[in-house]
Amino acid sequence: MSINATLFVQLVVFLILVWFTMTFVWPPIAKALDERAQKIADGLAAADKAKSELAAADQRVKQELASASNETATRLADAERRAQAIIEEAKTRATDEGNKIVAAARAEAEQQVVAAREALREQVAALAVKGAEQILRKEVNAGVHADLLGRLKTEL
């Protein structure tokens, strides 16, 4: 065989191989490459979407934290005001109760003073009767002179 025939046969075989590759081999490879490119593009789009959603979620979390912080501060302030009101109310009650106790103690002291005066009057009356008895050297009848002793008690 001559070199021209060999070159011609190789050219024909090469063209057949190119046609076969372009018809049967290249389309599945191109299709696989296109699918792979589409998957990568979808993955990048999903990553961008997830990134934006993460940023939005992060912003919502910051807003919720700020809201919770404000609400907590408000509740703490309300609780502090309520505690102050309760303390003031307790002070007022304690003052009122103290005033009542002082008033009751004064009333009791006044009653004790009155009782002591009565006891003193009775003792003075008894001493006066004893003194008059000794002066007169005779026994004074307490039943007869009860009216006189009662007037003496009221004068003392």
Side-chain angles (χ1 to χ4, degrees), residues 17-156:
L17 181 64
V18 167
W19 172 81
F20 180 78
T21 302
M22 293 298 281
T23 306
F24 297 108
V25 176
W26 188 252
I29 291 175
K31 183 178 177 186
L33 288 175
D34 289 342
E35 287 175 1
R36 173 86 176 168
Q38 185 62 35
K39 283 182 183 179
I40 290 172
D42 291 343
L44 289 174
D48 288 341
K49 183 179 177 184
K51 192 174 185 180
S52 65
E53 287 177 359
L54 178 63
D58 190 38
Q59 188 65 25
R60 284 193 308 267
V61 167
K62 285 181 182 177
Q63 288 174 349
E64 288 294 324
L65 285 175
S67 172
S69 176
N70 290 339
E71 186 176 333
T72 302
T74 303
R75 286 187 182 187
L76 284 174
D78 289 346
E80 191 172 316
R81 280 190 296 248
R82 180 69 178 133
Q84 289 293 66
I86 289 171
I87 289 171
E88 290 299 321
E89 185 179 329
K91 284 181 183 178
T92 303
R93 278 197 222 153
T95 303
D96 292 344
E97 191 66 29
N99 291 339
K100 286 179 184 178
I101 290 171
V102 168
R106 284 184 182 157
E108 186 178 337
E110 188 67 32
Q111 287 176 353
Q112 288 178 355
V113 167
V114 169
R117 283 185 185 165
E118 275 302 313
L120 187 60
R121 280 186 190 151
E122 288 179 12
Q123 288 176 359
V124 168
L127 286 175
V129 169
K130 275 189 177 181
E133 187 178 306
Q134 287 180 0
I135 290 174
L136 296 175
R137 295 270 181 214
K138 62 180 184 177
E139 188 175 319
V140 176
N141 188 353
V144 173
H145 296 60
D147 186 37
L148 179 62
L149 291 175
R151 274 189 275 150
L152 182 62
K153 280 185 187 178
T154 55
E155 287 178 15
L156 294 175

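Here the structure is a predicted model, which is why all the values come from computation and not from measurement. All values below come from the heavy atoms of this structure, side chains included, with hydrogens, waters and symmetry mates left out.
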More than 12 heavy atoms of other groups within 6.0 Å of Glu53 CD: yes

side-chain contact (heavy atoms from CB on, under 4.5 Å) evaluation trace for Lys62 with Leu65: CA-CA 5 Å; Lys62 285 181 182 177; Leu65 285 175; 5.7 Å; no

side-chain contact (heavy atoms from CB on, under 4.5 Å) evaluation trace for Glu64 with Val61: CA-CA 5 Å; Glu64 288 294 324; Val61 167; 5.7 Å; no

Nearest-0.5 Å distance that lies between atom CZ in Arg36 and atom CD1 in Ile40: 4.5 Å

Heavy-atom side-chain proximity of Trp19 to Phe24 below 4.5 angstrom: yes

Heavy-atom check, side chain of Val114 versus side chain of Arg117, under 4.5 Å: no

Separation between CD1 of Ile29 and OG1 of Thr21, rounded to the nearest 0.5 Å: 8.5 Å

Identify every side-chain donor-acceptor pair in residues 67-78 under 3.5 Å, counting partners at least two apart or on other chains, and give the distances.
residue: Asn70; atom: ND2; partner: Ala66; partner atom: O; Å: 3.4
residue: Glu71; atom: OE2; partner: Arg75; partner atom: NE; Å: 3.4
residue: Glu71; atom: OE2; partner: Arg75; partner atom: NH2; Å: 2.8
residue: Thr72; atom: OG1; partner: Ala68; partner atom: O; Å: 2.7
residue: Thr74; atom: OG1; partner: Asn70; partner atom: O; Å: 2.8
residue: Asp78; atom: OD1; partner: Arg81; partner atom: NH2; Å: 2.0

Contacts of Arg60 that satisfy salt bridge (Lys or Arg N to Asp or Glu O under 4.0 Å) - sequence neighbours left out: none

Straight-line distance of Arg106 CZ to Asn99 CG, nearest 0.5 Å: 8.5 Å

Side-chain heavy atoms of Lys51 within contact of Leu54, under 4.5 Å: no

Thr23 (side chain) donor-acceptor with Phe20 (main chain) under 3.5 angstrom: no

For Glu89, salt bridge (Lys or Arg N to Asp or Glu O under 4.0 Å) partners two or more places apart: Arg93

Check against side chain to side chain donor-acceptor pair (under 3.5 Å), Asp42 and Gln38: CA-CA 6 Å; Asp42 291 343; Gln38 185 62 35; 3.0 Å; yes

